[in-house]
Amino acid sequence: MKRSSLQTTAALPACRVLLAMGLLVGISGCSEEEQVAAVPVDSYIKPDAPPTYTTPSEEDIQPPTFTDITQQAGVDHRHVNGAFGQKWMPETMGSGCAFFDYDGDEKPDILLINGTYWPGHEPAGQDTPTNRLYRNLGNGQFDDVTRASGLDQVSCYGMGTAIADYDGDGDQDIYVTALGKNYLLQNNDGLFVDQTDSAGVGFSRCNDTEPSPWEWSVSALWLDYDHDGHLDLLVGNYVQWTPETDIWATRDGKTKSYSTPEKYKGSTCVLFRNKGDGTFDDATREAGIFNPAGKSMGVLADDFNDDGWSDIVTTNDTQPNFLYINQQDGTFRDDALVAGIAYDETGITRAGMGVAVCDMSNSGKRSIAIGNFSGEPVSLYTQAGGSAFIDKSGATRLAKPTNVSLTFGLVFADFNLDGFDDLMLANGHIEPDIEKVKQDWKFAQEPQLFLNNRRGQFVEVTSQAGAPFTESIVARGLAIADIDGDGDLDVLITTNDGQPKLLRNDSNSTNNVVRLQLQGSRNNPNAIGARLEARIGDQVITRRITTGGSYLSQSELTATIGLGQAKQIDELKVFWPDGKSDTLKQLPANAIHHIQQGKGKIQSRDVRR
């Protein structure tokens, strides 16, 4: 998160800290190194005319509206960041969330990642904070099953999560990223057991020195990068921070602010290769992704060159982004610079937070969206041909309305089921006092919703999306799922040091939908890495079954395909992670279809439209 006017100094003995603070007051407003001036935003994003939401058929389709059902649904949780007045950097970064089916009843449950108190600053009479699990009861209610599931036995300074069935036993396991030791929690029929140490995934093992007990992991994802049938684990690490090396930073030259990462050393992403016996090897160096200059915040897997092998995007905070292209031999090559996504269009690094990908025009060309700092609009790198990407945030009318926001979580999803992916942003600043020095920036910010107008542009409909989109919150994580079985996508947003927001999609659209749940091989039963191509008339809509993306969070693994007014998917092609494929014909609308590799459709049931 880049702030060029922020002054910093490392933690020092008291007399030296006071001297440094005095010097900082004297030079407030100066930076240690001169940066290239960015092109003024208005010069390249000003639209020719005010945008309008118009479909090709000129129909007036209303945006979806959302209702906050957090309290009535029984989701009673508050994130703990442990802040005690010193403004230590990790306090402002968390936390994430997930939708996943932990008990196999085909209803998405909720996982909320929590922080904890700093050693020596635990408040008297308070329980130790833990991550929280809420079971979906299917009637609009959720039940807190944290203790019953065993999750109350693990407490850490949690950041994010990635969820998959890594052991192939038919239920989904949890990986929690944290400041310090990460945790792998194996799901044994709804009871989670800590397998971190036996699996060897608590800390990285790719450095020449012992890992720091303060190793800071942020986002993570599961993928089968080497096509051996077993799910591997990529962990995005942030910066090298400890309480002893905490940096004193200021915006006004007087009071301490939360630091940004420029002054900290980076930390490499880590790739753990699944050996298939419950243990993992650290394959970071041999896979070619060892890069200690990285300051990763978002990780995402997709097949950007359509060769059937998973590639990886990693967003970095004030460092160039990475685009790791799979070489099909167990190694990756970073093509971010030649692809055009390492820097912004002026050649400057941005504060890359969350990341999402979609085919916004159903043309086969992917767009990568990246959340950035206030003063930096959301990036939208779109394939222009071959492996080259161009930032089209201005051309798609995303730049101007996202320039003031500080975006962490973001997702592409078809919220109104018209067949084109929309974009939702979870926004919130890192500095509680930011309005004292930047009057047009806010600490608590509104989420934003942009509808795809089917003409290659996004149109902001935040003010029409319901009461939750008028409420200012300090948002971080963002995930989506159909929690009530009505076919449209509902939303979960986490807030830093606050309560989550569970938002029900109450769209009155008459558009149709198909939901697809895949069953893959024995070792990858959720078919993570599978690609779907659905032909509806002359449109082809693509989906990928994936973990990761957004920020610190994970959405459900069931694919949702909006059909507009079409009555069916005419043809569905499923490209399985092992390279095999299946083709299905005439899948009727308003149903969830279970597709098994090699057997086709094995079950269907209606959704409540």
J.: Do Thr279 and Asp277 have side-chain atoms, one donor and one acceptor, less than 3.5 Å apart?
T.: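 Result is yes, a qualifying pair exists.
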
J.: Are Ser379 and Asn372 close enough that a side-chain donor and a side-chain acceptor fall under 3.5 Å?
T.: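 Yes, a side-chain donor-acceptor pair sits under 3.5 Å.
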
J.: Take Lys585 and Asp570, measure what salt bridge (charged side-chain N to carboxylate O under 4.0 Å, His left out) needs, and give me the verdict at the end.
T.: CA-CA 6 Å; Lys585 304 284 189 179; Asp570 299 318; over 6 Å; no

J.: Applying ring pair (Phe, Tyr, Trp, His ring centres under 6.0 Å), can you list everything that pairs with Phe304, at least two apart in sequence or on another chain?
T.: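 Per chain and number, Phe304 pairs via ring pair (Phe, Tyr, Trp, His ring centres under 6.0 Å) with no residue.
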
J.: Mind checking what makes side-chain contact (heavy atoms from CB on, under 4.5 Å) contact with Asp506, not counting sequence neighbours?
T.: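 Asp506: side-chain contact (heavy atoms from CB on, under 4.5 Å) contacts with Thr65, Thr67, Arg504.
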
J.: Can you find a side-chain donor-acceptor pair between Gln539 and Asn362 that sits under 3.5 Å?
T.: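 Indeed, the side chains of Gln539 and Asn362 share at least one donor-acceptor pair under 3.5 Å.
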
J.: Of Asp421, Asp302, Asp359, which meets salt bridge (charged side-chain N to carboxylate O under 4.0 Å, His left out) against Arg543?
T.: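 Of the listed options, the one satisfying the test is Asp421.
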
J.: Once ring pair (Phe, Tyr, Trp, His ring centres under 6.0 Å) is applied, do any residues pair with Tyr225, and if so which ones, sequence neighbours excluded?
T.: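 Checked Tyr225 against ring pair (Phe, Tyr, Trp, His ring centres under 6.0 Å); matches are Phe332.
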
J.: When you compare the side chain of Leu133 with that of Asn131, does any pair of heavy atoms fall below 4.5 Å?
T.: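 SC-SC contact between Asn131 and Leu133 ruled out.
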
J.: Out of Val145, Ile110, Asp173, which one pairs with Tyr102 under the side-chain contact (heavy atoms from CB on, under 4.5 Å) rule?
T.: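 One option only clears the test, and that one is Val145.
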
J.: On a heavy-atom basis, which atom in Gly229 and which in Asp224 lie closest, and how many Å separate them?
T.: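 Of all heavy-atom pairs spanning Gly229 and Asp224, the closest is N-OD2, 2.9 Å.
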
J.: Taking it one step at a time, do Asn523 and Ser521 satisfy side-chain hydrogen bond (donor to acceptor under 3.5 Å, both in side chains)?
T.: CA-CA 6 Å; Asn523 292 320; Ser521 64; 5.9 Å; no

J.: For Lys107, I'd like to know if atom NZ has over 12 heavy atoms of other residues, nucleotides or ligands within 6.0 Å.
T.: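 Above 12, so yes.
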
J.: Between Thr196 and Asp194, does any side-chain donor sit less than 3.5 Å from a side-chain acceptor?
T.: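 Yes, Asp194 and Thr196 have a side-chain donor paired with an acceptor closer than 3.5 Å.
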
J.: Would you check if Thr130 and Asn114 make a side-chain contact, meaning some heavy-atom pair closer than 4.5 Å?
T.: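 No, their side chains stay 4.5 Å or more apart.
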
J.: So, Ser310 versus Arg544: side-chain donor-acceptor pair below 3.5 Å or not?
T.: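 Side-chain D/A pair, Ser310 to Arg544: present.
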
J.: Give a yes or no on this: more than 12 heavy atoms of other residues, nucleotides or ligands lie within 6.0 Å of atom CZ of Arg147.
T.: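 No - once you tally the heavy atoms of other residues, nucleotides and ligands closer than 6.0 Å, there are 12 at most.
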
J.: Looking just at side-chain N and O atoms, do Ser217 and Asn237 make a donor-acceptor pair shorter than 3.5 Å?
T.: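 Yes.
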
J.: Give the ring-plane orientation class for Phe280 versus Tyr166, where under 30° counts as parallel, over 60° as perpendicular and anything between as tilted.
T.: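 Geometry flag for Tyr166 against Phe280: tilted rings.
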
J.: Looking only at heavy atoms, what is the nearest atom pair of Asn496 and Met93, with distance?
T.: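 Heavy-atom minimum between the residues: ND2-N, 3.9 Å.
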
J.: If you compare all heavy atoms of Asp482 against all heavy atoms of Gly487, which two are closest, and at what distance to 0.1 Å?
T.: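 Heavy-atom minimum between the residues: OD2-N, 2.8 Å.
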
J.: Side chains of Asn512 and Asn590: any donor to acceptor distance under 3.5 Å?
T.: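 Side-chain D/A pair, Asn590 to Asn512: present.
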
J.: Does Lys580, at its NZ atom, have more than 12 non-hydrogen atoms belonging to other residues, nucleotides or ligands within less than 6.0 Å?
T.: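 12 or below, so no.
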
J.: Return the minimal non-hydrogen interatomic distance between Cys97 and Gly477, and the atom names on each side.
T.: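 Looking at all heavy atoms of both residues, the shortest contact is SG-C, 4.3 Å.
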
J.: Under the salt bridge (charged side-chain N to carboxylate O under 4.0 Å, His left out) rule, what do Arg515 and Asp488 come out as? Steps first, then yes or no, please.
T.: CA-CA 9 Å; Arg515 304 249 298 154; Asp488 56 29; over 6 Å; no

J.: Output, in order, the C-alpha distance, side-chain angles, deciding distance and verdict of salt bridge (charged side-chain N to carboxylate O under 4.0 Å, His left out) for Arg531 and Glu533.
T.: CA-CA 7 Å; Arg531 177 177 170 81; Glu533 292 184 359; 3.5 Å; yes

J.: Can you tell me if Arg476 and Thr494 form a side-chain donor-acceptor pair at under 3.5 Å?
T.: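 Side chains of Arg476 and Thr494: no pair found under 3.5 Å.
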
J.: Does any donor atom in the side chain of Asn511 or Gln565 lie under 3.5 Å from an acceptor atom in the other side chain?
T.: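 A pair is found: one side chain offers a donor N or O, the other an acceptor, under 3.5 Å apart.
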
J.: Can you name the one residue among Leu410, Leu489, Val491, Thr462 that meets side-chain contact (heavy atoms from CB on, under 4.5 Å) with Met424?
T.: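 Single side-chain contact (heavy atoms from CB on, under 4.5 Å) partner of Met424 among Leu410, Leu489, Val491, Thr462: Val491.
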
J.: Side chains of Gln448 and Asn427: any donor to acceptor distance under 3.5 Å?
T.: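 Yes, Gln448 and Asn427 have a side-chain donor paired with an acceptor closer than 3.5 Å.
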
J.: For the side chain to side chain donor-acceptor pair (under 3.5 Å) test, which of Asn182, Thr161, Thr547 pairs with Tyr175?
T.: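 Between Tyr175 and the candidates, side chain to side chain donor-acceptor pair (under 3.5 Å) is satisfied uniquely by Asn182.
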
J.: Above 12 or not: heavy atoms from other molecules or residues under 6.0 Å from CG of Asp189?
T.: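 Counting other residues, nucleotides and ligands, CG of Asp189 stays at 12 neighbours or fewer.
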
J.: Consider only side-chain N and O atoms of Asp582 and Gln597, and report whether a donor and an acceptor are under 3.5 Å apart.
T.: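 Absent: no donor and acceptor within the cut-off.
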
